[in-house]
Structure formats: C-alpha cells, structure tokens
Amino acid sequence: MSKIRLLIVDDSALVRKMLTEIFNSSPDIEVIGTAIDPYVALDKIKKLNPDVMTLDVEMPRMDGLTFLKNLMRLRPMPVLMISSLTEKGAEVTLQALELGAIDFVAKPKIDVATGLSDYAEELIAKVKTAALAQVRATNSRPETKVARNCSVSEKLGVDAVIPPNRNQKPFKTTHKVIALGASTGGTEAIKDVVRGLPSDTPGIVISQHLPVAFSESFASHIDSAGEMSACAAKDGQQILPGNIYLAPGDRHLLVVRDGARYVCKLNDGWSAG
C-alpha cells in the first residue's frame, strides 16, 4: 500500500519542522512538502497533488478560513486543522469544520516543540483517518439570524439538513432525557442530529470530546443549528424540554434525579456522559 502524501501548511518554521519529523516517523505517511502560507500551499497542491493537508488556523496573507473555503469549492481534499487553544482559535476551528475540514488538533500555546511531540500519536492517527475520507466540493451555506432564550454570545444560523417531520406528534414529556456522545470529529454530526428536532424535544445532554476553550463556541454553534436552545451546562442546572446542555470540555456531565426533576451534575475530568 502506498504512503499517504501529506502537505504541511504553517507559518512557523519550528512547527513545520516538528510536524515533518512526527509524520515522517510513521511508515504510512510521507511529507511531500511544506508551505509558509496559503499562496505557497496552492502552488504546491498543483505541483505535488497531496492526499491530505494540515492547515494552521492563523495564516499570513490569507486567513485559514478563506483558503479552506476556496479549496473545498475548487479542489476538495481532506484537511486537518492545527488550532490554537484560544476563544478565537476555537471559533475559527469550528467554522473550518463547517466548511469541510475533517478534524483538528490543538496546538499548545507554550513550549510548542514539546507539546506537539506529546500529540504525535494523535496527529498520525488523525492524518490516517483523514486520508480515508471522501471529500466533495461544498458550497457556502446561507446565514440567518435566529432569536433564542439560551445565554450564548452569538447566533449564527445555518440551513436545515434534516427537515422536521410535520406529521410526527411532538414530544410533550418532561420525564425523559436524551444523551448524545461523540469524540473529536463529531461536532458536525451532532449538529446534523439536532437540526431537525422540534423545540419541545426532551432535554438533551451532550458529551463532545473538546478542549475546554472550545465549549462556549461549540454551544453557540449548536444553539444556532435548530429550534432547540443550547448552552454549556452548569452544575445543578435543571434539564428542561427544548434545551440542550453541553458538557464543558474539562468536566464529566452526569444526569441526576432530584425529586421530580433531572439536573446536571458536573465533576472534574474530561467530559463523559
């Protein structure tokens, strides 16, 4: 079986060097080139025809989102985002997943060389997974403003992929809770699930494997996806129909019966339903 041909796009010479060493350590991956910005990357894509590309979120001369949007429209290919663990980095990364990126890996803010080495196995595994993806050309989705009751900062709407069944009887119960769980790469799948649900669906708790810095941004994206309201769960918060509660990235989310109601219980550790 031929090796996965990988192109690395990052403005940091140190990061390019470290990623090259990490990926070339795998017998299944060959780094065929690196690029300092999207313009150089575009030229190398034409010349080298890579199977997978890693892309830094913050890029000079052209931002990563603009480059990814154009790439997915004109020359779709599997892309793994390299994201910083900041609020801005989280928002841009989630938008990149909407535009068609396969997955992301968080870039440490300090001691990048050591931090990337700690992620070596995860980086290699995600590139191998990305290489198996069937990526098709995408078009931009129209944005709509949606008014909600949830206390999230931004309301960016997207079109529905799963239309609600108008003939189906709506959920009226207050004694049921729906639990959803996904690992990294599952953000868009969860959004597709909740898009078609009516506003009186039983309360939903979600455990999505994400860095803590991504929690609020992901809650905002879920909130804008459909009729239900979404927010990052708080300890002791009552679970009500029509609402979605996202486990913070650094906490376990448990559903606890408190008399006649269900509430969220948060414990230390990575989120797990």
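When reading the values below, keep in mind they use all heavy atoms of this one structure, side chains included, and skip hydrogens, waters and symmetry mates.
Considering every non-hydrogen atom in both S26 and K128, the closest pair reads OG-CE, 3.7 Å. Minimum heavy-atom separation, K265 to V256: CB-CG2, 3.5 Å. Residues P27 and K3 approach most closely at O-CE, 3.2 Å, considering heavy atoms. A247 and S207 make their closest contact through CB-CA, 4.3 Å (heavy atoms, listed as atom of the first residue, atom of the second, distance). The minimum heavy-atom distance between A101 and M81, with the atom names listed, is CB-CG, 3.7 Å. The shortest non-hydrogen separation linking P78 to V135 is N-CG2, 3.8 Å.
Ion pairing between a basic and an acidic side chain is recognised when a charged N comes within 4.0 Å of a carboxylate O; R195 and E227 show no such pairing. Salt bridge annotation for D103-K126: present, with a cationic side-chain nitrogen under 4.0 angstrom from a carboxylate oxygen.
Hydrophobic cluster membership differs between L42 and I32, with clusters built from Ile, Leu, Val, Met, Phe, Trp and Tyr side chains linked at under 4.5 angstrom. Residues L19 and V40 do not share a hydrophobic cluster, defined by chaining ILVMFWY side chains whose heavy atoms lie under 4.5 Å apart.
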Determine, step by step, whether V205 and V177 satisfy the side chain to side chain contact (heavy atoms under 4.5 Å, CB included) criterion, reporting the C-alpha distance in whole Å, the side-chain angles of both residues, the deciding distance to 0.1 Å, and the verdict.
CA-CA 7 Å; V205 292; V177 175; 4.1 Å; yes
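Distance check: M18 CE to I22 CD1 gives 5.0 Å after rounding to the nearest 0.5 Å. Rounding to the nearest 0.5 angstrom, the gap separating the CG atom in D56 from the CD1 atom in I36 is 11.0 Å. Note: E58 CD to S12 OG = 12.0 Å, rounded to the nearest 0.5 Å. Atom CZ of F218 and atom NZ of K191 lie 7.5 Å apart (nearest 0.5 Å). Interatomic distance, L55 CG to M77 CE, rounded to the nearest 0.5 Å: 10.0 Å. One distance of note links CG of L180 with CD1 of I204; it measures 5.5 Å at 0.5 Å rounding.
Residue L132 is found outside any hydrophobic cluster, as its side-chain heavy atoms come under 4.5 Å of no other Ile, Leu, Val, Met, Phe, Trp or Tyr.
Not one N or O on the side chain of S217 forms a donor-acceptor pair closer than 3.5 Å with the backbone of F214. With Q237 contributing its side chain and K234 its backbone, the two residues share a donor-acceptor pair below 3.5 Å. Without hydrogens or angle criteria, S220 side chain to E216 main chain gives no donor-acceptor distance under 3.5 Å. In this structure a side-chain-to-backbone donor-acceptor pair under 3.5 Å is present from D235 to L266. In this structure, the side chain of D223 engages the main chain of A230 through a donor-acceptor pair within 3.5 Å.
Remark: the E91 side chain and the H221 side chain contain an N/O donor-acceptor pair separated by less than 3.5 Å. Residues T66 and D63 bring a donor and an acceptor atom of their side chains to less than 3.5 Å of each other.
Looking at residues two or more places apart in sequence or on another chain, you find no side chain to side chain donor-acceptor pair (under 3.5 Å) involving N24. Scored by the side chain to side chain donor-acceptor pair (under 3.5 Å) test, D258 finds R261 as partners (sequence neighbours excluded). Take E30 and apply the side chain to side chain donor-acceptor pair (under 3.5 Å) test, not counting sequence neighbours, and it matches no residue. Taking the side chain to side chain donor-acceptor pair (under 3.5 Å) definition, one finds that S199 meets it with nothing, sequence neighbours left out.
L246 places none of its side-chain heavy atoms less than 4.5 Å from the side chain of L253. For the pair S25 and I124, the minimum side-chain heavy-atom distance is below 4.5 Å. Taking 4.5 Å as the limit, some side-chain heavy atom of V79 sits within range of a side-chain heavy atom of L68. Using a 4.5 Å heavy-atom cutoff, the side chains of D11 and D37 are not in contact. Proximity of F23 to I8: side-chain heavy atoms (C-beta onward) are separated by under 4.5 Å at one or more points. Two residues are said to be in side-chain contact when any heavy atoms from C-beta on lie closer than 4.5 Å; L7 and T34 fail this criterion. In this structure the side chain of T187 reaches within 4.5 angstrom of the side chain of Q208, judged on heavy atoms. The shortest side-chain heavy-atom distance between C264 and Q238 does not fall under the 4.5 Å cut-off.
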If you look only at distance, which donor and acceptor atoms sit under 3.5 Å apart when one is on a side chain in residues 45-54 and the other is two or more places apart or in another chain?
{"from": "K47", "atom 1": "NZ", "to": "D43", "atom 2": "OD2", "distance (Å)": "3.2"}
{"from": "N49", "atom 1": "OD1", "to": "R75", "atom 2": "NH2", "distance (Å)": "2.3"}
{"from": "D51", "atom 1": "OD2", "to": "R5", "atom 2": "N", "distance (Å)": "2.8"}

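Y245 and Y262 have their aromatic ring centers separated by at least 6.0 angstrom.
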